[in-house]
2 protein chains.
Amino acid sequence: MKRIADSTVRRLSLYLRFLEDFEKRGIGTISSDELAARGGTTSAQVRKDLSFFGSFGKRGLGYSVAELAARLRQILGLEREWQVIIIGAGKIGAALAQYHGFAQRGFRIVAVYDSDPAKVGRSVDGLVIQALDSLPDEVKHQPADIAVLAVPATSAQEVADMVVKAGIRAILNFAPHQLQVPDTVAVKAVNMAMELEGLSFALTNG
Amino acid sequence: MKRIADSTVRRLSLYLRFLEDFEKRGIGTISSDELAARGGTTSAQVRKDLSFFGSFGKRGLGYSVAELAARLRQILGLEREWQVIIIGAGKIGAALAQYHGFAQRGFRIVAVYDSDPAKVGRSVDGLVIQALDSLPDEVKHQPADIAVLAVPATSAQEVADMVVKAGIRAILNFAPHQLQVPDTVAVKAVNMAMELEGLSFALTNG
DNA sequence: ATGAACTTGTGAATTTCTTCACAAGTTATC
DNA sequence: GATAACTTGTGAAGAAATTCACAAGTTCAT
């Protein structure tokens with residue numbers, strides 16, 4: 001199977017969101033053109049994106065909303081539940097732990113860790129904050145698929161190393177630090193400072 | 001001036017972060033190769049990125065860390081302070097308001113708005129939460145450059161319209177909703193659900 | 001002053017991503 | 001069942017981004 005571009009995966013995720021919206025509104029079929037209009041892209045792009053995975057539409061008619069949504073969920077691996085741990089119970093970590101949108105989409109937060117002894121033992125949204133040191137053992141008992149890093153930039157690499165060593169193969173990194181990990185580990189970064197600087201650039205050079 | 005790709009701007013932002021780190025550690029000059037190693041790219045990419053804006057290095061020697069950092073700050077428009085308003089004082093909005101990393105990089109949060117009367121009047125990190133209705137008037141008195149949307153997906157478009165109407169030309173959108181705005185307005189989206197789905201895809205098809 | 005070791009800046013080549021364009025299939029109407 | 005109006009799926013073309021490769025400039029050691 002050919003390597004799928006990151007940009008394609010991001011668009012699939014967008015399409016799925018639109019489809020779920022259409023599904024809720026009781027719309028049965030949709031054309032690539034309508035889907036494209038919603039996502040700020042073109043119908044050819046939509047069809048090309050989908051073509052990497054098969055052909056899901058009917059010529060002359062379009063796509064069945066329910067069916068395409070199901071196929072996208074399958075492609076994106078959203079048919080199962082993923083176990084997520086959050087590392088860092090500061091402002092961002094705590095906000096993420098309390099955000100229930102994740103659970104709704106099958107990302108279940110199973111643990112929250114922090115290295116600060118003052119925080120360990122307290123609870124966030126029903127989860128007791130655990131000592132970061134205990135992570136390797138805990139993960140053995142209750143495996144986790146994805147680690148969310150909400151720690152300061154200075155300790156991000158160290159924590160990432162620990163997480164990788166514990167066998168976790170996907171990291172969502174909120175720390176403004178470029179992580180170095182083996183290429184068997186998937187990393188996505190959410191970097192607000194970078195986005196703001198992108199806006200600053202746009203405002204300056206617009 | 002040729003249009004600069006988004007990916008280039010993101011990398012410039014990364015380079016700047018590394019340079020600031022090198023600056024702190026007292027390193028005077030750096031080669032494109034060292035900069036590339038840090039950012040997971042290639043030296044040719046670094047040089048190409050910079051070449052869109054001029055030539056800042058010395059052949060045989062590399063780049064002056066301080067000088068290149070200064071040029072990047074200038075290019076990214078970070079020499080001035082940007083006035084930021086946060087809309088939505090929920091979990092995410094409040095966490096952002098309390099995150100001081102923004103201010104350190106010249107993004108000063110000047111106001112927080114919410115449409116919930118129960119929240120209006122309370123304060124977050126020294127800022128009194130204001131009624132969303134009052135935004136158009138408030139922005140006239142104290143202009144804002146960037147609006148951060150931390151509202152539910154269902155009201156995101158409505159709030160974006162309001163913000164655009166008030167004359168704000170840059171939006172950082174945390175709501176999982178694709179905004180439609182005039183192309184004079186710059187939008188960056190931070191979409192955690194999308195990033196998680198990207199990880200889900202990687203884990204499934206890795 | 002010369003040679004060796006670096007490193008930049010940049011056209012050209014290459015690779016990757018997006019858009020075009022159209023055959024082929026579907027539905028609706030008369 | 002013939003025609004018109006759609007829409008998909010995809011090879012080919014085009015555009016954009018990345019990488020290559022090398023001339024030209026700099027430093028350092030001898």
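Each chain gets a letter, A, B and so on, in the order the sequences are listed, and its residues count up from 1.
For the side-chain contact (heavy atoms from CB on, under 4.5 Å) test with V124(B), the passing option among D114(B), I109(B), I129(B) is I129(B); the others fail. Only one option out of R10(B), R17(B), R73(B), K188(B) pairs with E197(A) in a side-chain hydrogen bond (donor to acceptor under 3.5 Å, both in side chains); it is R17(B).
Remark: C1' of dC6(D) and CG of D33(A) are 11 Å apart, rounded to the nearest angstrom. Taking atom NZ of residue K58(A) and atom P of nucleotide dA28(C), one finds them 12 Å apart after rounding to whole Å. The CZ-C1' distance, from F56(A) to dG25(C), rounds to 18 Å in whole Å.
Among the protein residues, S43(B) comes within range of no part of the nucleic acid, since none of its heavy atoms lies under 4.0 Å from any strand.
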- request: Sugar-phosphate atoms are those with a prime plus P, OP1 and OP2; base atoms are the rest. Using that split, label each nucleotide of nucleotides 17-22 of chain D B, S or - for protein heavy atoms under 4.0 Å, 5' to 3'.
  value: SSBBB-

Could you pull out the protein-nucleic contacts involving nucleotides 2-6 of chain C (nitrogen or oxygen on both sides, under 3.5 Å)?
none

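Within the 4.0 Å cut-off from OP1 or OP2 of dG9(D), not a single side-chain nitrogen or oxygen of S51(A) is found. Note on Y63(A): a side-chain N or O is less than 4.0 Å away from OP1 or OP2 of dG9(D).
For the pair D137(A) and K140(A), the salt-bridge criterion is met [side-chain N within less than 4.0 Å of a carboxylate O]. A salt bridge links R105(B) and E20(B); the closest N-O separation between the charged side-chain nitrogens and carboxylate oxygens is under 4.0 Å. By the 4.0 Å N-to-carboxylate-O rule, R80(A) lies close enough to D145(A) to be salt-bridged with it.
Inter-residue side-chain proximity for L35(A) and L19(A) is flagged as met; some heavy-atom pair is nearer than 4.5 Å.
For E195(A) and N191(A), the side-chain atoms include no donor-acceptor pair closer than 3.5 Å.
Because its NZ or CZ atom is not both nearer than 6.0 Å to the ring centre of Y63(B) and within 45° of the ring axis, R71(B) does not count as a cation-pi partner of that residue.
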